[in-house]
Amino acid sequence: MNIPFNQPERTPDPALDEQLDRRLAELYGPRKFYPTTSCSSALQMAAEVAKIQPGDEVILPSFTYVTTAMPFVKRGAVLVFAEIDPVTCVMDLDDVARKLSERTRAIVPVHYAGISPDMDHLVRLVEARPIRIIEDAAQGIDATYKGRPLGTIGDIGAVSFHHTKNISTGEGGLLILNAEDLQDTADVVYEKGTDRRAFISGEVDRYSWVSVGGSYEMAPPLKRLLLGELDLLPQIRSERRRVYDTYMKHLAGLPLILPELPDYARSNHHIFHVQVSSKTLRDQVIKRMREEGIQTTFHYQPLHNSSFGQQRGYDRFDLPVTDRVADRLLRLPIYPTLSEEQVCYITDTLSRILEENQ
Ligand SMILES: *Cc1c(COP(=O)(O)O)cnc(C)c1O
């Protein structure tokens with residue numbers, strides 16, 4: 001007789017984890033992977049793995065989603081907001097250099113629209129300092145910096161599989177661990193604060209509560225879904241690129257700031273954004289486009305100006321580029337199933353509306 005303690009058909013199959021690990025290694029190279037319930041929870045894990053302490057300073061852009069900042073706020077860190085580049089909207093590394101201090105413990109670049117800042121430059125900035133680079137690569141799946149996948153360059157990378165991202169498990173994420181010295185801590189954090197991984201590998205004979213952690217692991221049905229989604233990446237990137245290229249061709253010459261790709265970047269075309277000349281015009285364009293049946297939208301309210309940011313006094317940061325971009329940026333629909341006809345309707349309508357408002 002062989003009677004397992006848990007109902008066998010409900011017990012996760014280790015072969016699935018091995019298969020997903022292998023597949024992720026094909027994409028990212030040999031790394032430690034922790035599939036998570038979301039990118040937000042991967043970032044929460046990252047703050048715990050990096051052992052951010054109360055009073056530690058964390059440098060990040062203000063032009064980002066709340067959960068880039070939240071894990072560090074929860075650990076009592078002091079947020080230090082850096083400016084962004086006015087065209088690519090990624091963190092301005094000269095401003096990061098000015099804001100480095102003795103208390104800086106982490107820097108969180110956000111790979112906006114699948115484009116990173118100049119990561120070699122960032123790595124040089126933190127050299128020989130006790131600072132972790134945590135890449136918010138939520139939008140970074142299938143995009144690279146100098147041929148290296150986003151999320152694999154800093155100490156830790158966090159990717160999202162939310163339904164708005166290029167591939168999706170509904171909700172889901174991935175923590176990529178690049179810094180080998182953090183692996184034991186990451187194992188404990190991922191196992192809810194226990195040394196269960198050491199127990200599974202036979203290093204200890206029972207497992208117990210050893211530190212902080214959480215319930216971060218992606219559920220097995222979503223891991224299976226993720227394997228299927230990963231296979232779609234090349235096709236998704238090429239379809240998004242088609243839409244991107246059509247936008248670029250048809251919008252050239254209009255009074256807009258079009259996106260630019262740095263030489264080092266291979267984008268995944270996660271977002272198509274333009275900037276118009278004022279907030280009034282941007283809001284008017286969104287309204288008129290909606291009347292023509294096209295949903296367009298702005299993006300982040302900068303975190304330093306948010307209601308929580310103000311409560312914490314973060315509105316003391318002077319970030320004119322961030323404010324200007326947030327006011328003037330407009331996102332157009334971009335996804336694989338948009339037809340050429342739909343894309344042309346969008347560009348024709350946009351150009352007509354811009355003309356109306358000249
Ligand atoms: C989508 C996104 C997140 C959050 O990802 P979830 O998987 O929804 O938790 C965090 N940061 C950025 C920049 C994002 O775009």
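Order of listing sets the numbers, starting from 1, for every ligand and every atom in it.
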Residue and atom name of the nearest protein heavy atom (relative to [atom]), distance in Å to one decimal:
atom                    : answer
atom 14 (C) of ligand 1 : A138 CB, 3.3 Å
atom 10 (C) of ligand 1 : T67 OG1, 3.5 Å
atom 9 (O) of ligand 1  : S40 OG, 2.5 Å
atom 7 (O) of ligand 1  : S160 OG, 2.7 Å
atom 13 (C) of ligand 1 : D136 OD2, 3.4 Å

> For the residue pair Y190 and Y216, is the inter-centroid distance of their aromatic rings smaller than 6.0 Å?
Replying inline: no
Enumerated ligand 1 atoms positioned under 4.0 Å from heavy atoms of [X]:
X    : result
V110 : 13 (C)
G172 : 7 (O)
S38  : 7 (O), 9 (O)
Y300 : 13 (C), 15 (O)
Y65  : 3 (C), 4 (C), 10 (C), 11 (N), 12 (C)

>> Using heavy-atom distances only, which candidate in Q44, H162, Q139, K165 approaches atom 1 (C) of ligand 1 most closely?
In response: K165
> Should the pair E127-R124 be classified as a salt bridge under the 4.0 Å nitrogen-to-oxygen rule?
Replying inline: no
>> With a 4.0 Å cut-off on N to O distance, would you call R266 and D142 a salt bridge?
In response: yes
>> Does ligand 1 come near enough to C39 that some N or O of the ligand is less than 3.5 Å from an N or O of the residue?
In response: yes
Please examine the side chains of [Y] and [X], heavy atoms only from C-beta on, and report whether any two atoms are closer than 4.5 Å.
X    : Y    : value
P320 : E83  : yes
M248 : P259 : yes
T246 : T347 : no

> How far apart are the C-alpha atoms of H299 and F63, what are their side-chain angles, what is the distance that settles it, and do they pass the side-chain contact (heavy atoms from CB on, under 4.5 Å) test?
Replying inline: CA-CA 9 Å; H299 215 168; F63 189 70; 4.1 Å; yes
> Should R98 and D95 be marked as a salt bridge (charged side-chain N to carboxylate O under 4.0 Å, His left out) after you check the CA-CA gap, both sets of side-chain angles, and the distance that decides it?
Replying inline: CA-CA 5 Å; R98 283 190 287 275; D95 199 37; 3.4 Å; yes
